[in-house]
Each structure stands twice: as C-alpha cells, then as structure tokens.
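Read through the structure below, which is laid out as structure tokens, and then see the notes.
Residue numbers begin at 1 in each chain, while the letters A, B, ... track the order of the sequences. What you see below is based on every heavy atom in this structure, not just the backbone, and it leaves out hydrogens, waters and symmetry mates.
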Amino acid sequence: MTPPVITVTHGVVGYDGRAVLRDVSLSVTAGEVVAVLGANGSGKSTLIRAVLGLVPLAAGSVELFGTPLRRFRQWRRIGYVPQRLGAGSGVPATVREVVASGRLARRGVLRPPGRADREAVEEALRAVGLADRAGDPVATLSGGQQQRTLIARALAGRPELLVLDEPTAGVDAASQEAFAGALSDFVAGGGTVLLVAHELGPLRPLISRAVVVHQGGIAHDGAVPEPAGHHAEPDHDHVHPHGPDEPAGLWSS
Amino acid sequence: MELFQYPYMQHALIAALVIGLAAPALGIYLVQRRLALIGDGIGHVALTGVGAGLLFQRSPVIAAVIAATLGAVAVELVRARGRTSGDLALALLFYGGIAGGVMLVGLSDATSASLNAYLFGSLITISPQDLVTIVVLGVAILVMMLALRPALFAVCHDEEYARVAGLPVRALNMLLAVAVAVTVTIAMQAVGVLLISALMVVPVATAQQVTRGFRSTMTAAMALGLFAAGAGVWVAATADTAPGASVVLLAIASFLVIAVGSALWRVLRRRATPAAAPSPEPHEVVLR
C-alpha cells in the first residue's frame, strides 16, 4: 500500500509563544483535492506552511510521501503556489523567467536548462493561458495574471502534489476560470492538491474533501460545507490580510 | 593614449575592466533583494582589514578579504536568524567598520595618502601580483554569477519558493555574501571601498529602465559597467582625477542619459500612436 501523500500527526505551531495550531492531525492520500477552509487567523495558512517546512513544528510530526519532513529531499514531487509574489523584487523579470524557476527542483542548481525544461515551461504557460504574455515583465500583469504565473511556475516542475495558499483571493473572474481549468487538468492527470481558500468559487466542483480550521484546531473534515450567512452573498468582500509573517531580514526580499 | 604604454596603466585598465564586468553581475542580485547598499557596508568593514594589514605590516588586501568575509558572513547569520532589522545591522557595519579602519590606520606608520588610496582608489598602487589576484577572483565571481543565475534568481526573487523547491538556500545566500566581500576587496584599489558599491548598483539601475527581463538587465548592466570602468580609468589617467570618482560619475552620467532618453522615447511613442489599444483585461490591483 502506498503511504499517504501528506500526514500531519498532532502538529503544534506557535508564533512568539502563542499557539496558532494546536494538536492538528491530517492525512491526504494520492488523487485527493483537499480544501483547507477557515476564517482569518484560524491557522489555515500556517497549516500548509508547516506541511512544507516553512514554519517549524513545536510538537508533532509531518510526513511527505511517507518520509519524515526532516529527511524529505524529493522536492520535485511538490509544486508550491504562494499567495502572492514576494514583497517584490527590484529588477524586472519576464513571466517566462519566473515560470522557469519551477524547473529548478527537477534540474538542480548546476545543470543549465535544456530542451525538456523549455518545453515544460511553454506547456505550463499554455495551461494557465499566459503563453502570449511570456515575454512581458511580471510587474505589468494584473493580480490575477500574476497568480496564474505562480501556478504555471509550480506546474512547470510537473509535480505530483500541488500546495496552494489562497490561489483565488482577489483574483478576477477570467483568471479564476483559467486557474480552475489548469487545476482540473492537473487532477485529471492523477495529481493531488492541498489548497487554502476563503471561498471556493469556480473551484468548488473539483474539491473532494474540505477541512475546516477553527481557532487552531480542525473543526470539520469531510464533505464540502455549503456557504452560509453573509459568506454566500455574491458581494461578500474576500480581501483580507494574511497571518503573521516571518520577521523581515537583511537578505530577504 | 600614450599613457597606456606604461605597464601600471595597463594593469589599472585590465583590473578596472574585470571589476566593471563582475560588479554589476553580482550587484543585480543585491538590487533584486533590495539590498543595494550592502556592498557599501561590507566596504566599510574591509577598511578595518586594511588598517589591520597596515598596522601589522601584512598585505592590506589579504587582511581586507578576511575582514570583509567575516563581516559578510556575520550579516548573513544575523539576517537568517532575523534578530536585528536590516538597517540596524547595516548601521553597525558602516560605522564600526570605518571607525575601526581609521583608528588602526592612525596607529600604523602609514600616511593619510595611503588611506586615501584605499578609500577612493589609486591607479598606481596595483602591482602585477595584485593584478593576478584581481583577474582570477573577478573571473571566478563572474563565472559563478552567470552559471548559478537560475538558482540565484530563484532565491533572490522568492526565497520561500526556493526553499520548497529544495534549493540549498542557505549555501546560496552565503555564497552571495562571500562574493560581495571578495568583489569589494578586489575593487578596493581601482575604485576604492567607498565607491565600489556604486559599480554594483548603478549599472543595474540604469539597465532596468529599458529592459523587460532579468537576463537582459544583467547583460545590459555588465556592458554599462564595462564602459564606465574603462572610460573612467581613461578619464582618470588623462585628467589626473581619482579613478573611483571618475568611474562612478560616468556610471551615473549614463544613468541620467538613459533615464532622460527613455522618458523622451516614451513620450514620442505615445504621440505617434494617439489611440493606444485598450488593455485586454482590466487592471485591478497590481501586486508588486
């Protein structure tokens, strides 16, 4: 039997002595599309950042593809889509250059890009509908197009697991549709998805399981809950700030 | 041009050209991280090394390499732990480094003229042995910055993504820190510790006004750095000016020329096509 793609066992995460996640256990098996839902500050983003090793666990353990996170090295199997492009870089970069970073996990640091790398980048750009913008600087793109660039970057590495942090927050309808299309192609190819969302929108039919995080614990694990109350209203404002950031450092962008 | 018949002028020119290529190739990663001034901080620390070298009658260049490397590694460690904010760490470097340098040079027998040579560059101080060091280390930096471009780009563009991609982020950060220290030190005699950071940053700032991608910015910045360094040494030799100041003023002059030129070009282009095509998608919040 193949091990689960993600296993979190009694995970605890704290920032500055304050527990953000308390005793969370979660298992995701191959082919599942799991949405992590929850209010602002519920700990849902922290959960996926802990899964990826971006925030340390105070207690408990995380396994990826059956390997403890500490010893996990097969990062090529994972595609990560952050909520947005980093604080911003001072030098222009084209969409194609950003997407090409997605090949590094597969290629390694020293080997120069080959034909397979270029083909994978072009394919990922087509999958998100940005092939015609490949040569444009990312900073000139709309928020939704920038989000699609980040998804293309993750897809270019041809991962088995996609981890997405609020991929549809503040994204225009056209980009949401393009994004849902790219994601359903990925799922049809046997991929596993773990995504954090505030609302599901056009992604809803793709989701096989929902996990609701509330006050640092898992409040629901199973069928996708129906939108209720003001969340169901079409004009509900979904723009909101994110969880606590890591302290800014001298060398970080 | 007959000045360049003298070997010391040839040495100065070759050294300046190597530095003119290597400094922007490294500097583009610093600008990308919004750390444009780190080279200046490390330069100040290198000055303490120069002072120690002069005081103990050892090679000031080697002492500067050691001091600058220690400083750069210390900054990287402080940053990785996130204990001190970036500008406070820089302030400690700037003032600690320059104070240490001035004090140690004062204690030694060296004259203020030799201190000036390290602060602002001097064409006549580059010996054949220095030239070999400058060329070997400069070419090594250049090759690393070009060969590791995809990985360094990924780390500087989005460090968290680079970690999840399994890149050796800590090693690459350390490599950049050490590369800054080495570049500052080899450029010290030609350009001076107080001005080397300009050669890392100004050509990049100039290039990115007209480029669209990272690779094209890097190529253009290296070409601009080569031009500023070569022309600057020529001006310094013919007009008997400080080489560092000449190189940096030429780099800033190219920045102004290209800034004005590209602004004019945009205005002209807008006039030529009065009814610009509407953008196909409404631009909502543009995240930078």
task: Quick one: pull up CG in A/L104 and OH in B/Y161 and give me the separation to the nearest 0.5 Å.
output: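 Here the interatomic distance stands at 7.5 Å.
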- prompt: Distance from B/R212 atom CZ to A/T140 atom OG1, nearest 0.5 Å?
  reply: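 Answer for the CZ-OG1 pair, B/R212 versus A/T140, is 6.5 Å.
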With a 4.5 angstrom heavy-atom cut-off, could you sort out which part of [X] is near chain A: side chain, backbone, both or neither?
| X | answer |
| --- | --- |
| B/R149 | neither |
| B/V164 | both |
| B/T211 | both |

field: Non-hydrogen side-chain atoms of B/D158 and A/S101 separated by less than 4.5 Å
entry: no
query: Are more than 12 heavy atoms from other residues, nucleotides or ligands located less than 6.0 Å from atom CG of A/L110?
result: no
- request: Please flag which part of A/P82 lies under 4.5 Å from any non-hydrogen atom of chain B: side chain, backbone, both or neither.
  value: side chain
- request: Name the region of A/R153, side chain, backbone, both or neither, that has any atom closer than 4.5 Å to a heavy atom of chain B.
  value: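 For A/R153, heavy atoms of backbone and side chain both lie under 4.5 Å from chain B.
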message: Could you report the tightest heavy-atom contact between A/Y80 and B/E160, atom names first, then the distance?
response: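 Distance-wise, the nearest heavy atoms are OH-OE1, 3.8 Å.
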For the student: nearest non-hydrogen atoms of B/H157 and A/V98, plus distance: CE1-CG2, 3.7 Å
- request: Among the options B/P150, B/A162, B/A147, pick out the one with the most heavy-atom pairs lying under 4.5 Å from chain A.
  value: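 Option with the greatest count: B/P150.
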